[in-house]
Enquirer: 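One structure follows; several queries about it will come next.
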Protein chains: 2
Amino acid sequence: MGVREGGPAGSEWAVHLMAGLRVRTQDSVKAGGLSRIQEKNRTLILEAALGEFSRKGFSGATVERIAAEAGMSKSNLLYYFASKEAIYNATLAYILEVWLAPLKTLNPAGEPAQELAAYIRQKIEMSAQFPEASRLFANEVMQGAPQILPILQSDLKRLVDEKCRVIEDWISAGKMRRVDPVHLIFTIWATTQHYADFSVQIRALTGTDLGDEEFLRQTEFSVTSLILNGIGIVWPQESGQSR
Amino acid sequence: MGVREGGPAGSEWAVHLMAGLRVRTQDSVKAGGLSRIQEKNRTLILEAALGEFSRKGFSGATVERIAAEAGMSKSNLLYYFASKEAIYNATLAYILEVWLAPLKTLNPAGEPAQELAAYIRQKIEMSAQFPEASRLFANEVMQGAPQILPILQSDLKRLVDEKCRVIEDWISAGKMRRVDPVHLIFTIWATTQHYADFSVQIRALTGTDLGDEEFLRQTEFSVTSLILNGIGIVWPQESGQSR
DNA sequence: GTGGGATTTGACCAAATGGTCAAGATGCAA
DNA sequence: TTGCATCTTGACCATTTGGTCAAATCCCAC
């Protein structure tokens, strides 16, 4: 259950995409891949599962509903995945890499203003485009991360440690105010994901959410300027001169 | 289901504390309250339910476990609350007021630096002391707020609108940078609640969480300084002179 | 102490649901 | 076309779980 060791971050998560997959037929093993039908159904299932799990949580989701949304019988779904938990794990793996990817693009050689602004923008755009992924992830972690705790402790920790060092270097170089890097990262995660996870509340209070282009831009600007100003970077970039 | 109208904010939520309560005996009705035993058991149940619902979510929670944790039989629990949903609603009501209370203390007559710092501190302290309440609330909203949507749309919206006006007045008075008040509030909610809701992830990445006094202070400082600097308030308060 | 309402519980029920299985349908290579 | 592996499904099963009910016990005002 869960990958504890890993080579270059990311690559081992792909392994999860196969984990829990029941079908490994002669042909597919021979070819080292999945048949056309397998590929299609696997995607249909994961897509449906993402919706169901993110809407209802693991316990609230039913295999029956996932199967229905994927357009097949429950039995057939269970032909592809050994159990509900297997579907769940595969769904997590399905979204985890793309969900955590943006952080990897933080470029040590770049300027903190550009880099962090880009990171925040990416995160908000992800919240807008994949709110289900955000909610699934939030759900999993809130329940105590029963499935992905090992990944958080190994791969994610490694990644965060690395990026914290990048931020510290920026601080040492006098390019931004002295802040605790890990709290900065948490703040970025919290604010950006909040708009996806709590979209119902956002809608109740503002009348719209990130699905609206106008509100998306507005949120992007507000969050970015608040955080960048918070770490002592002039924002919006009025002139090229910062510090 | 759910109170749509309300007098002075807060008072009407108390009504929920009775909602779903099955027992309304002759004596208690006469006295307008609950008997000693009722009072005790009701509290035991709600306390147990808070733990169970926050840990497992609504669907994952079982009445049996709540009853066990409350030290009584399932039948007896169902003597006090008509259904699982009734327990859930009562639990939400049980925490909702205290959870949302801090925002009410934002004093229009005060200085934004003091007022917002105090608000952020309160919210973080709440996350530290009542992480279960935070998670229960987060869970409910993430599932689409099936139970409390009306409250969000009426009472909470009224409160947020009012406080947004306060912040706008501060901006007009030149006491803080021009920011969208509602996004500022969302940012404060997101960051502070994140430490409770994602504590498992926090622990995986930092080794501690808000349960640790040292980390609590550190978080308080980081979040407060980031946000206050973000809205153009000098922080930490080096001299009495701001602006 | 006693009578009647309040409290408590075990036995029980029905629905929901994850999962199995054998049989049939389909796709495809020779 | 044919044979075999893949794919698909309905019938079925066991367990979990929310909720009911009648009976037993407790509590307390009189």
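Small disclaimer: the values here were computed from a predicted structure and weren't measured. Letters go in sequence order (proteins before strands), and every chain restarts at 1.
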Enquirer: Listed by chain and number, what are the ring pair (Phe, Tyr, Trp, His ring centres under 6.0 Å) partners of B:Y88, not counting sequence neighbours?
Expert: B:F53, B:F58
Enquirer: Taking OP1 and OP2 of C:dC28, is either one under 4.0 Å from a side-chain nitrogen or oxygen of A:R36?
Expert: yes
Enquirer: Rounded to whole Å, please give me the gap between CZ in B:R42 and P in C:dT7.
Expert: 13 Å
Enquirer: If we fit an axis to the first five pairs and another to the last five of the helix from C:dG1-D:dC30 to C:dA30-D:dT1, what angle do they make, to the nearest 10°?
Expert: 10°
Enquirer: Each nucleotide N or O in nucleotides 8-10 of chain D that has a protein N or O under 3.5 Å away: list the pair and distance.
Expert:
unit_1, atom_1, unit_2, atom_2, d
D:dT8, OP2, A:N41, ND2, 2.8
D:dT8, OP2, A:N76, ND2, 3.1
D:dT8, OP2, A:Y80, OH, 2.8
D:dT8, O5', A:N76, ND2, 3.1
D:dT9, OP2, A:S73, N, 3.1
D:dT9, OP2, A:S73, OG, 3.1
D:dG10, N7, A:S75, OG, 3.4
D:dG10, O6, A:S75, OG, 2.3

Enquirer: Rounding to a whole Å, what distance do you find between B:I87:CD1 and D:dG19:P?
Expert: 8 Å
Enquirer: Once you round it to whole Å, what is the distance between C1' of C:dG18 and OH of A:Y88?
Expert: 17 Å
Enquirer: Got a donor-acceptor contact below 3.5 angstrom from the A:S199 side chain to the A:Y195 backbone?
Expert: no
Enquirer: Who are the ring pair (Phe, Tyr, Trp, His ring centres under 6.0 Å) partners of B:Y119, not counting sequence neighbours?
Expert: none
Enquirer: Please report, rounded to the nearest Å, how far the P atom of D:dT17 is from the NZ atom of B:K84.
Expert: 9 Å
Enquirer: Contact list please: residues 48-61 of chain A against DNA chain D, heavy atoms, distance less than 4.0 Å, in numerical order.
Expert: none
Enquirer: List the residues meeting side-chain contact (heavy atoms from CB on, under 4.5 Å) with A:S54, not counting sequence neighbours, and say none if there are none.
Expert: A:E132, A:R135, A:L136
Enquirer: Under the salt bridge (Lys or Arg N to Asp or Glu O under 4.0 Å) rule, collect the residues that match up with A:K40, sequence neighbours excluded.
Expert: none
Enquirer: Please state how far atom CD1 in A:I66 lies from atom P in C:dT17, giving the value in whole angstrom units.
Expert: 12 Å
Enquirer: Salt bridge (charged side-chain N to carboxylate O under 4.0 Å, His left out): which pairs involve residues 181-201 of chain A, sequence neighbours left out?
Expert: none
Enquirer: If only side-chain N and O atoms of B:Q38 are considered, is one of them under 4.0 Å from the OP1 or OP2 phosphate oxygen of C:dT7?
Expert: yes
Enquirer: A:D161: which residues meet the salt bridge (Lys or Arg N to Asp or Glu O under 4.0 Å) condition with it, sequence neighbours left out?
Expert: A:K157
Enquirer: Can you sort out the partners of B:R217 under salt bridge (Lys or Arg N to Asp or Glu O under 4.0 Å), two or more places apart, ordered by chain and number?
Expert: B:E125, B:E213, B:E220
Enquirer: Give one of base, sugar-phosphate or nothing for B:R65, where a contact means two heavy atoms less than 4.0 Å apart.
Expert: nothing
Enquirer: Give the ring-plane orientation class for A:F186 versus A:H183, where under 30° counts as parallel, over 60° as perpendicular and anything between as tilted.
Expert: perpendicular
Enquirer: Could you work out, with salt bridge (Lys or Arg N to Asp or Glu O under 4.0 Å) as the rule, every residue matching B:E69, not counting sequence neighbours?
Expert: B:R55
Enquirer: Quick test of your reading: applying salt bridge (charged side-chain N to carboxylate O under 4.0 Å, His left out), list the pairs with at least one residue in residues 199-208 of chain B, sequence neighbours left out, ordered by first then second residue.
Expert: B:R203-B:D209
